[in-house]
A.B. asks: 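Quick one: the structure is below, and I'll ask about it shortly.
Note that the coordinates shown come from a computational prediction; the quantities given were computed from them, not determined experimentally.
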Amino acid sequence: MNAYNTSVNYLKALGISLMVLGHTRVNPQVIAFIYMFHMPLFFIASGYCFKEKYLSAPRKYIYNKVKGIYWPYVKWSLLFLLLHNVCFNLHLYSDQYGWKEYVSHLYAPSEFLNLATSIIFKMHGHEQLLGGYWFMNALFFGSLIVWLVIRYVKQPLCGGAILIVICTVLNKTCWQIPFINISSQAFAAGLLIYIGYSLAKYRIKPFNYWQIALSLSITLIGSFVWNMAMDQNSYSNKRFIPYIITAVLASWSFYSLFDKMKSSQGKCAKILDIIGKNTLTILTWHFLAFKLVSLVIISIYDLPIARLAEFPVITEYSQQGWWIAYFIVAMVVTCGIAYCNKWIKNNWLKL
């Protein structure tokens, strides 16, 4: 379970692709179905790859998480923060349009300082162009939480029960750990990471096709009955447990499908492999890539340039079919950025 796992990489590719698709605002019910599992499968995949050698090497484990999650979050969040006023003047942000009711304004020096402090010490306060970065916060703190659970709670059922109890209490009270503002979201991420670790540790067999069909059918029903998304700080306890169950069922279903095709060497497999290895780049740049399509829509339909600041897309046009362009452009541009970054590292930086 500690070696490179092709099926897990394909799973990550699916998750990031569905995240981009969901952000195109394609269709409310499609989004509801996607949100039932597309981010949980990342946490499950992370837990599946957990290496037990780190249980006796906490410094190395923390260093890896800081290097792989915290540092990219801080680096890109600070860069986008420094460019906020430039982006505002380029109409990427606006005091008329934004994400739902959240609009923007030009930052004063004190605001830059306050937001930079929040980014560095709390992993909060990132820009709207990095809207998906809430995931980095949840993954970082969830990973630290699950290390503690695995290290000190020897019974897997007890470890899972502890995380469920903490989540339900935090959901009920909407309480957050002071200063760093760790909420139910981080513990929910930890629970899913813990489940992924358990799936690997106890060598749970992949589903057969009937089990996959049944699990995805239950997930589809859940998207109507107990639909939920993980990008909130707390959740409804009536929906939380069934949501976790269907998130695991759907994630394991897709893992099982990819396990059946892991020996494939076709174009689809190669594309999935590329996408799965560049999830952070896609997460970081896909909102900005969306703006290219929004510019085209604004030009064609003679819309006010201020609408370029709508996040993540110009919804009514996206739902008329432009979601296809948003999705394709975002995936191509972000994978292109990843390719260029790799080429520069392999060629220029070695000179």
A.B. asks: Crowded around Lys67 NZ? As in, over 12 foreign heavy atoms under 6.0 Å?
C.D. replies: no
A.B. asks: Looking at Pro206, is its backbone amide N or carbonyl O close enough to the side chain of Ser256 to form a donor-acceptor pair, meaning the two atoms are under 3.5 Å apart?
C.D. replies: no
A.B. asks: With Ile271, which residues qualify under side-chain contact (heavy atoms from CB on, under 4.5 Å), at least two apart?
C.D. replies: Ile275
A.B. asks: Taking all atoms of both residues into account, what is the closest heavy-atom pair of Phe290 and Val20, and its distance?
C.D. replies: CZ-O, 3.7 Å
A.B. asks: Could you tell me whether a side-chain N or O of Tyr61 sits under 3.5 Å from a main-chain N or O of Ser143, the two making a donor and an acceptor?
C.D. replies: yes
A.B. asks: Are Val165 and Leu192 in one and the same hydrophobic cluster, where Ile, Leu, Val, Met, Phe, Trp and Tyr link if side-chain heavy atoms are under 4.5 Å apart?
C.D. replies: no
A.B. asks: Is any side-chain heavy atom of Pro312 less than 4.5 Å from a side-chain heavy atom of Arg25?
C.D. replies: yes
A.B. asks: Show, in sequence, the C-alpha distance, side-chain angles and deciding distance for Trp323 and Val30, and conclude whether the side-chain contact (heavy atoms from CB on, under 4.5 Å) test is met.
C.D. replies: CA-CA 12 Å; Trp323 65 268; Val30 172; over 6 Å; no
A.B. asks: Quick check against the 3.5 Å criterion: does Gln128 have a side-chain atom that pairs as donor or acceptor with the backbone of Tyr102?
C.D. replies: yes
A.B. asks: Please step through side-chain hydrogen bond (donor to acceptor under 3.5 Å, both in side chains) for the pair Ser294 and Trp322, ending with a clear verdict.
C.D. replies: CA-CA 9 Å; Ser294 292; Trp322 281 94; over 6 Å; no
A.B. asks: Between Asn64 and Tyr54, do the side chains contain an N or O donor and an N or O acceptor separated by less than 3.5 Å?
C.D. replies: yes
A.B. asks: To the nearest 0.5 Å, what is the distance between CD1 (Ile44) and CG (Leu11)?
C.D. replies: 8.0 Å
A.B. asks: How far apart are the closest heavy atoms of Ser7 and Asp259, and which atoms are they?
C.D. replies: OG-CA, 3.3 Å
A.B. asks: Looking at every non-hydrogen atom in both residues, tell me the closest pair between Leu92 and Leu129 and how far apart they are.
C.D. replies: CD1-CD1, 4.5 Å
A.B. asks: Give me the atom names and distance for the closest heavy-atom approach of Phe240 to Ala188.
C.D. replies: CE1-CB, 3.8 Å
A.B. asks: Could you tell me whether the side chains of Thr284 and Tyr133 share a donor-acceptor contact shorter than 3.5 Å?
C.D. replies: yes
A.B. asks: Walk me through it: do Tyr70 and Val74 pass the test side-chain contact (heavy atoms from CB on, under 4.5 Å)?
C.D. replies: CA-CA 6 Å; Tyr70 172 81; Val74 170; 3.4 Å; yes
A.B. asks: Let me check something: do Leu308 and Ile300 share a hydrophobic cluster, defined by ILVMFWY side-chain heavy atoms less than 4.5 Å apart, either directly or through other members?
C.D. replies: yes
A.B. asks: Please work out whether the ring planes of His38 and Tyr35 are parallel, tilted or perpendicular, with thresholds of 30° and 60°.
C.D. replies: parallel
A.B. asks: Tell me, do Tyr326 and Leu21 make a side-chain contact under 4.5 Å, heavy atoms counted?
C.D. replies: no
A.B. asks: Assess the residue pair Phe88 and His105 against the criterion (ring-ring contact (aromatic ring centres under 6.0 Å, His included)); give the C-alpha distance rounded to whole Å, side-chain angles, the decisive distance to 0.1 Å, and a yes or no.
C.D. replies: CA-CA 7 Å; Phe88 189 92; His105 60 276; 7.8 Å; no
A.B. asks: Could you give me the CA-CA distance, side-chain angles and deciding distance for Tyr93 and Tyr97, then say whether ring-ring contact (aromatic ring centres under 6.0 Å, His included) is met?
C.D. replies: CA-CA 7 Å; Tyr93 300 130; Tyr97 300 96; over 10 Å; no
A.B. asks: What distance do Ile34 atom CD1 and Met39 atom CE have between them, rounded to the nearest 0.5 Å?
C.D. replies: 12.0 Å
A.B. asks: Could you check whether the rings of Phe135 and Phe43 sit parallel, tilted or perpendicular, using 30° and 60° as the cut-offs?
C.D. replies: tilted
A.B. asks: Quick one, Lys291 with Glu310, criterion salt bridge (charged side-chain N to carboxylate O under 4.0 Å, His left out). Give me CA distance, side-chain angles, the key distance, then yes/no.
C.D. replies: CA-CA 9 Å; Lys291 299 300 181 185; Glu310 290 190 33; over 6 Å; no
A.B. asks: State whether the side chain of Thr173 and the backbone N or O of Val169 hold a donor-acceptor pair below 3.5 Å, judged by distance alone.
C.D. replies: yes
A.B. asks: Under the 3.5 angstrom rule, does the side chain of Arg239 hit a backbone N or O of Asn227 as a donor-acceptor pair?
C.D. replies: yes
A.B. asks: Quick one, Ser184 with Asn171, criterion side-chain hydrogen bond (donor to acceptor under 3.5 Å, both in side chains). Give me CA distance, side-chain angles, the key distance, then yes/no.
C.D. replies: CA-CA 6 Å; Ser184 177; Asn171 288 337; 2.7 Å; yes
A.B. asks: Rounded to the nearest 0.5 Å, how far does CG of Leu191 lie from CD1 of Ile162?
C.D. replies: 11.5 Å
A.B. asks: Before giving the answer on side-chain contact (heavy atoms from CB on, under 4.5 Å), spell out for Tyr317 and Leu303 the whole-Å C-alpha distance, their side-chain angles and the decisive distance to 0.1 Å.
C.D. replies: CA-CA 11 Å; Tyr317 291 94; Leu303 304 178; 3.6 Å; yes
A.B. asks: Quick check: does any side chain N or O of Tyr235 sit under 3.5 Å from a backbone N or O of Gln232, one acting as donor and the other as acceptor?
C.D. replies: yes
A.B. asks: How about Val8 and Cys49: do any of their side-chain heavy atoms sit closer than 4.5 Å?
C.D. replies: yes
A.B. asks: side-chain contact (heavy atoms from CB on, under 4.5 Å), that's the test. Do Asn137 and His124 meet it? Break it down for me.
C.D. replies: CA-CA 8 Å; Asn137 175 292; His124 280 281; 3.6 Å; yes
A.B. asks: Please check if Ile221 and Phe207 belong to a single hydrophobic cluster, counting links between Ile, Leu, Val, Met, Phe, Trp and Tyr side chain heavy atoms closer than 4.5 Å.
C.D. replies: yes
A.B. asks: Look at the side chain of Thr246 and the backbone N and O of Tyr243, then say whether any donor-acceptor pair between them is shorter than 3.5 Å.
C.D. replies: yes
A.B. asks: Working note: Trp76 + Trp71, criterion ring-ring contact (aromatic ring centres under 6.0 Å, His included); need CA distance, chi angles, decisive distance, verdict.
C.D. replies: CA-CA 8 Å; Trp76 293 115; Trp71 171 239; 9.6 Å; no
A.B. asks: Ignoring hydrogens and angles, state whether a donor on the side chain of Ser104 or His84 is under 3.5 Å from an acceptor on the partner side chain.
C.D. replies: yes
A.B. asks: Distance check, rounded to the nearest 0.5 Å: Leu295 atom CG versus Arg307 atom CZ?
C.D. replies: 13.0 Å
A.B. asks: Under 3.5 Å, is there a donor-acceptor pair between the side chain of Ser46 and the main chain of Phe42?
C.D. replies: no
A.B. asks: Do Lys60 and Lys53 come within less than 4.5 Å of each other through their side chains, counting heavy atoms only?
C.D. replies: no
A.B. asks: CG/Asn208 to OG/Ser253 distance, rounded to the nearest 0.5 angstrom?
C.D. replies: 10.0 Å
A.B. asks: From Trp175 CH2 over to Ser183 OG, what is the distance, rounded to the nearest 0.5 angstrom?
C.D. replies: 11.0 Å
A.B. asks: Is the side chain of Thr334 donor-acceptor paired with the backbone N or O of Met331 at a distance under 3.5 Å, no angle test?
C.D. replies: yes
A.B. asks: Sub-3.5 Å donor-acceptor pair from the side chain of Asn278 to the main-chain atoms of Thr281, do we have one?
C.D. replies: no
A.B. asks: Could you pull out the closest heavy-atom pair between Ser94 and Gln96, with the gap in Å?
C.D. replies: OG-N, 2.8 Å
A.B. asks: Can you confirm whether the side chains of Gln29 and Ser223 place a donor and an acceptor under 3.5 Å from each other?
C.D. replies: yes
A.B. asks: Quick one: do Phe80 and Leu113 end up in the same hydrophobic cluster if we chain Ile, Leu, Val, Met, Phe, Trp and Tyr together by side-chain heavy atoms under 4.5 Å apart?
C.D. replies: no
A.B. asks: Of the non-hydrogen atoms in Ile119 and His126, which two are nearest, and what is the gap between them?
C.D. replies: CG1-N, 4.3 Å
A.B. asks: Are Tyr63 and Ile120 connected into the same hydrophobic cluster when the rule is that any two of I, L, V, M, F, W, Y join if their side-chain heavy atoms are below 4.5 Å apart?
C.D. replies: no
A.B. asks: Parallel, tilted or perpendicular: which fits the ring planes of Tyr255 and Trp252, with parallel below 30° and perpendicular above 60°?
C.D. replies: parallel
